[in-house]
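Input: a single structure, listed below in structure tokens.
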There are 2 protein chains.
Amino acid sequence: MTFQYEYPHPAVTTDIVIFTIHDERLELLLIKRKSEPFRDQWALPGGFVEINEDLERCALRELAEETGLTGIYLEQLYTFGEPGRDPRERVISVAYYALVPPDRIGNISAASDAREVGWFQLDSLPPLAFDHKQIVGMAHRRLSAKLNYSTIALQFMPEKFTLGDLQKVYECILGEKLDKRNFRKRVMTLDCIKDTGEYRRNGSYRPARLYAVKTPGHVEFVR
Amino acid sequence: MTFQYEYPHPAVTTDIVIFTIHDERLELLLIKRKSEPFRDQWALPGGFVEINEDLERCALRELAEETGLTGIYLEQLYTFGEPGRDPRERVISVAYYALVPPDRIGNISAASDAREVGWFQLDSLPPLAFDHKQIVGMAHRRLSAKLNYSTIALQFMPEKFTLGDLQKVYECILGEKLDKRNFRKRVMTLDCIKDTGEYRRNGSYRPARLYAVKTPGHVEFVR
DNA sequence: CCAAAAGTGTTCACCGTACACCCATGA
DNA sequence: TCATGGGTGTACGGTGAACACTTTTGG
């Protein structure tokens with residue numbers, strides 16, 4: 001079966017930059033391509049938008065197919081449509097980025113049907129297919145900028161976490177150390193997390209208070 | 001001639017929110033549709049992306065077709081792709097917004113080949129076709145936000161302008177009065193405009209200094 | 001001399017930043 | 001008792017916000 005149009009239509013895909021935090025590093029999920037072009041190269045998860053599928057729903061579907069996860073923070077990033085970005089045909093890609101709390105990452109490879117997937121540290125990525133390096137760069141800049149005027153970082157946190165955990169998330173995204181006292185003061189004035197009353201015993205050392213996010217979702221423009 | 005695909009492809013358009021300032025009001029350009037759907041309703045300028053045409057170039061082309069203008073500030077806004085937003089077929093629209101200095105608006109209707117076009121005040125728009133009201137709303141929010149951390153407002157200014165002119169641009173976009181002294185102080189510290197040494201005699205009253213933008217383009221993150 | 005817009009400084013409150021020490025725990 | 005990360009407060013400087021009067025011109 002074929003589909004006919006009076007004028008040529010581009011193909012439309014969504015690509016997703018799926019971020020997580022692991023070992024105090026910002027990481028993202030890549031997939032090894034099994035076919036041309038860019039065969040055996042790593043690429044962002046993504047795929048064609050179905051003809052009756054909403055763009056965001058398409059991105060959520062891709063996310064679920066690759067990770068098995070639902071209920072993840074997702075935001076549209078930018079639309080890349082330069083002719084020639086895909087050597088096969090004209091492909092316009094609506095890029096999204098997603099933030100996955102580390103504790104929700106189960107067995108990724110089980111969810112992705114026999115495709116080779118892997119998490120990569122942002123600062124040591126392999127060569128990427130298409131213009132995906134550019135997409136990743138923009139996603140990282142957007143994420144970094146949002147740390148400063150929103151509570152988006154809470155999307156990376158598990159149900160219970162310490163202030164030290166949260167600070168490390170900021171630090172590895174921004175790529176710089178932050179002052180502990182100033183950080184805590186600022187987080188507290190945001191009034192977006194609550195003390196659970198519990199403590200985490202980290203094997204050794206003084207136990208740390210455990211906090212939880214007060215309201216699901218995140219708040220923009222907190223400054 | 002027809003074009004065949006193995007899978008259905010959506011149509012892709014760009015729509016542009018073309019802003020200008022007129023009579024101390026924020027206005028945008030609309031076009032009256034001559035065909036179904038939404039026949040005789042007002043809509044944003046826009047059109048289909050040609051198969052080998054870059055998205056931004058498509059938006060620039062639409063802008064030139066409707067206004068005859070080139071060299072105008074243009075920025076991608078968001079991509080709208082909800083199925084059903086166009087009743088004919090699946091249409092994904094990459095929305096842009098453009099800022100036109102009032103002195104560059106010549107005879108718009110001459111440029112647009114016999115189509116009915118018009119400038120409308122943002123706060124008294126007619127009913128719009130498709131989801132264009134939503135697009136306009138997002139464009140206005142983006143523009144308002146950018147006033148606070150960039151020098152984007154300079155894109156609206158003619159070659160020479162007074163500080164009062166510039167303040168009125170801020171005021172009509174933000175929808176609130178600003179303090180004259182604080183405004184001037186802030187603009188001066190940005191160091192983005194220069195004194196031309198000339199004055200404008202407004203018919204009566206004290207003449208105002210004329211300024212010009214120092215560097216073309218605009219600066220992000222001035223705070 | 002009157003009307004109207006242009007132009008100009010100071011004060012205050014708040015916030016971001018710099019900075020150093022004690023605490024609780026397990027080994 | 002020691003090693004390690006958890007937890008806390010103050011002082012300073014810069015910036016945004018509030019606020020009123022003089023100047024210049026044309027009528």
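Every chain is numbered from 1, with letters handed out A, B, ... down the list of sequences.
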(message) I want to check something: taking the side chain as every heavy atom from C-beta on, are A/Ile18 and A/Trp119 in contact at a cut-off of under 4.5 Å?
(response) yes
Distances under 3.5 Å between protein N/O atoms and the N/O atoms of nucleotides 25-27 of chain D, please, pair by pair.
none

(message) If we ignore hydrogens and angles and just use 3.5 Å, is the side chain of B/His140 paired with the main-chain N or O of B/Ile173 as donor and acceptor?
(response) yes
(message) Would you say CZ of B/Arg61 has more than 12 non-hydrogen atoms from neighbouring residues, nucleotides or ligands within 6.0 angstrom?
(response) yes
(message) Rounded to whole Å, how long is the line connecting atom CD of A/Gln167 with atom C1' of D/dG7?
(response) 12 Å
(request) Specify whether A/His132 and A/Phe130 have parallel, tilted or perpendicular ring planes, treating 30° as the upper limit for parallel and 60° as the lower limit for perpendicular. (result) tilted
(request) Measure from OH on A/Tyr149 to P on C/dC15 and round the result to the nearest Å. (result) 21 Å
(request) Under 4.0 Å between any heavy atoms, over every strand shown, what does A/Arg184 touch: base, sugar-phosphate, or nothing? Just pick one. (result) base
(request) Measure the shortest side-chain to side-chain distance between A/Arg104 and A/Ile72 over non-hydrogen atoms and say whether it is less than 4.5 angstrom. (result) yes
(request) Write down the distance between CG (B/Leu174) and P (D/dA17), rounded to a whole number of angstrom. (result) 11 Å
(message) Expressed as a whole number of angstroms, how long is the span from B/Glu24:CD to C/dA5:P?
(response) 10 Å
(message) Would you say that B/Thr70 contacts B/Leu60 through its side chain, given a criterion of any heavy-atom pair below 4.5 Å between the two side chains?
(response) no
(request) Would you mind telling me which residue lines up with the more 5' stretch of DNA chain C, A/Thr189 or B/Arg209, judged by nearest nucleotide? (result) B/Arg209
(message) In this structure, how many angstroms lie between the C1' atom of C/dC15 and the CG atom of A/Leu190, rounded?
(response) 13 Å
(request) Starting from P on C/dA5, measure out to NZ on B/Lys180 and report it in whole angstrom. (result) 10 Å
(message) What is the separation between atom CZ on B/Phe183 and atom P on D/dT15, rounded to the nearest whole Å?
(response) 18 Å
(message) According to salt bridge (charged side-chain N to carboxylate O under 4.0 Å, His left out), does anything in residues 150-172 of chain A pair up with another residue at least two apart or in another chain? List the pairs.
(response) A/Glu24-A/Lys168, A/Lys160-A/Glu198, A/Asp165-A/Arg200, A/Glu171-A/Lys177
(request) Search all heavy atoms of A/Gly81 against all heavy atoms of A/Ile92 and return the closest pair with its distance. (result) CA-CG1, 4.0 Å
Restricting both atoms to N or O, compile the protein contacts to nucleotides 9-11 of chain C shorter than 3.5 Å, with distance only.
from	atom 1	to	atom 2	distance (Å)
C/dT10	O4	B/Lys185	NZ	3.1

(request) Would you tell me if any nitrogen or oxygen in the side chain of A/Arg186 comes within less than 4.0 Å of OP1 or OP2 on C/dG16? (result) no
(request) Find the distance B/Arg200:CZ to C/dG7:P and express it as a whole number of Å. (result) 10 Å
(request) For the residue pair B/Thr151 and B/Ile193, establish whether any side-chain heavy-atom pair is separated by less than 4.5 Å. (result) no
